[in-house]
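Here's the structure we're looking at; comments come further down.
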Amino acid sequence: MSFPKNRMRRLRSSDAMRRLVRQTNININNLVYPLFAREGKKLKEPIKSLTGCFYFSPDAIAKEAREVFSLGIPAVLLFGLPEKKDAAGSQAWAEDGVIQQAVKEIKSNIPELLVITDICLCEYTDHGHCGVIRDGKVDNDATCELLAKVALSHAQVGADIVAPSDMMDGRVKYIREALEENSFESIAIMSYAAKYASAFYGPFRDAAQSAPAFGDRKTYQMDPANSDQAMAEIALDIEEGADIIIVKPALPYLDVIYRASQRFDCPIAAYNVSGEYMMLNAAADAGLINRQNAMMETLTAIKRAGADILITYFAKDVAKIINS
Ligand code: PBG
């Protein structure tokens, strides 16, 4: 008779036993909910490509942020859709830009809620690339200077964390320097360090009207085939002053999350992106999978791989389940 026999079965024998030995738990404290701000008045408009998500005008966004906060979610990630786009993306750093207004509204109404702002130009440029174009290509250094301006303008209106998602080389350093020079040393940088050139951003680009008008983002976003490069990108961003790093997308890159979590001491966020979200919604709508179970399983897997923070359009749904 060997006693280890049936050990696994004993450990799975009841709901309480399974909870007792569970190694990975999704915690509301680690969730970030993305929000989209769009110019207008009293606007709450469904986003067609992102079921269950809405565009909010700055005057209407605080109500939503309050709901997020009352669910126990500590942070929102803000994206802005400007009315006017130009070649440089100048609305991204405009004093009264849509994001700047939205940040002020949220911070003045719910000061405890962390506001993370996406730092990129693709939603603001008329060509849809993440930087300024020179001779048909994105000019890396000129773009970094603009990104630092954008980050500073967000800090000035009260953003707690800035999240550069552009993937230009050296942008974390430019941003950190601009923040330091202006006495914003308490602003954290959450950098999209390992951001892949992924097909899973499709619904977001539709929602943010940020698809590139020509070419693609393969010269600045990472090749899905590589993970060593992700480690190098992360190391660089940490060295340049990033406090939290992001791996994006999440589900197809669990190995990258795992490697990063083994190797780096800083908090790791995983972005469960728009395509991952809608793929699951579409399958559930077709009656093929159970939405809630698939959602919890997916997010648990991302955490199990090593993510500390989950950025997800499911955040409110998850919080409601945990709270109930
Ligand atoms: C902007 C940005 C993108 C996403 C977040 N920030 C799109 C892109 O890189 O094309 C995608 C988020 C998602 O798909 O949910 N650069």
Side-chain angles (χ1 to χ4, degrees), residues 31-37 47-55 76-82 85 89 91-92 98-99 116-125 127-132 138 140 143-144 146-147 150-151 154 161-169 171-172 175 189-224 233 244-253 269-282 295 298-299 302 307 309-316:
L31 297 173
V32 176
Y33 185 62
L35 278 180
F36 294 83
I47 303 177
K48 274 199 216 81
S49 63
L50 279 172
T51 313
C53 299
F54 297 82
Y55 298 112
V76 290
L77 170 61
L78 279 192
F79 295 97
L81 279 87
K85 303 189 185 215
Q91 279 300 305
V98 65
I99 270 289
I116 310 170
T117 54
D118 185 77
I119 307 289
C120 197
L121 297 178
C122 65
E123 295 110 86
Y124 301 89
T125 51
H127 45 72
H129 275 285
C130 301
V132 279
V138 173
N140 188 89
T143 301
C144 285
L146 296 182
L147 293 166
V150 176
H154 293 180
I161 303 175
V162 292
S165 70
D166 51 279
M167 288 299 278
M168 298 302 124
D169 293 330
R171 87 268 202 229
V172 173
I175 292 172
I189 299 177
M190 180 178 194
S191 89
Y192 291 79
K195 176 168 174 178
Y196 284 89
S198 171
F200 290 94
Y201 307 146
F204 175 95
R205 289 186 188 169
D206 196 63
Q209 293 147 13
S210 65
F214 61 90
D216 51 44
R217 303 207 207 288
K218 289 182 184 157
T219 56
Y220 44 100
Q221 298 184 351
M222 293 187 26
D223 183 341
E233 293 274 8
I244 299 170
I245 62 103
I246 305 177
V247 175
K248 167 184 175 183
L251 203 50
Y253 298 92
Y271 198 145
N272 174 233
V273 301
S274 59
E276 299 174 60
Y277 173 73
M278 288 308 290
M279 182 165 72
L280 204 149
N281 280 336
M295 167 181 86
T298 298
L299 296 174
I302 296 169
I309 300 167
L310 300 172
I311 306 171
T312 176
Y313 304 95
F314 287 120
K316 283 169 64 182

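For ligands, and for the atoms within them, numbers begin at 1 and follow the listed sequence.
Looking only at side-chain heavy atoms (C-beta outward), C130 and T143 stay at 4.5 Å or farther from each other. Considering only heavy atoms from C-beta on, L50 comes within 4.5 Å of M278 through its side chain. At least one side-chain heavy atom of M167 sits under 4.5 Å from a side-chain heavy atom of E233.
Close contacts between ligand 1 and C120 involve ligand atoms 16 (N) [criterion: under 4.0 Å to a heavy atom]. Within ligand 1, counting atoms from 1 as listed, the ones closer than 4.0 Å to a heavy atom of D118 are 6 (N). Residue contact check: C122 has heavy atoms under 4.0 Å from atoms 1 (C), 16 (N) of ligand 1. Listed by number with element, the atoms of ligand 1 under 4.0 Å from a non-hydrogen atom of K195 are 1 (C), 2 (C), 3 (C), 6 (N), 8 (C), 9 (O), 16 (N). Applying the 4.0 Å criterion to heavy atoms of S165 picks out, from ligand 1, the atoms 1 (C), 2 (C), 6 (N), 16 (N). Which parts of ligand 1 touch Y271 is read off a 4.0 Å heavy-atom cut-off, strictly below it: atoms 12 (C), 15 (O). Residue R205 has at least one heavy-atom neighbour below 4.0 Å for each of these atoms of ligand 1: 8 (C), 9 (O), 10 (O).
At least one donor-acceptor pair under 3.5 Å links the side chain of E276 to the backbone N or O of L251. Within the 3.5 Å criterion, the main-chain N or O of P164 finds a donor-acceptor partner in the side chain of R171. With hydrogens and angles disregarded, no donor-acceptor distance shorter than 3.5 Å links the side chain of E123 to the backbone of F79.
The shortest contact between atom 15 (O) of ligand 1 and any protein heavy atom is with Y313 OH, 2.5 Å. Nearest protein heavy-atom neighbour of atom 14 (O) of ligand 1: S274 OG, 2.7 Å.
Heavy atoms of K248 come nearer than 4.0 angstrom to ligand 1 in at least one pair. At least one heavy atom of R217 sits less than 4.0 Å from an atom of ligand 1. In this structure, Y277 does not count as a contact residue of ligand 1, since none of its heavy atoms falls inside 4.0 Å of the ligand.
With hydrogens and angles left out, the side-chain atoms of Y192 and D118 include a donor and acceptor closer than 3.5 Å.
Here Y277 and Y271 keep their ring centres 6.0 angstrom or further from each other.
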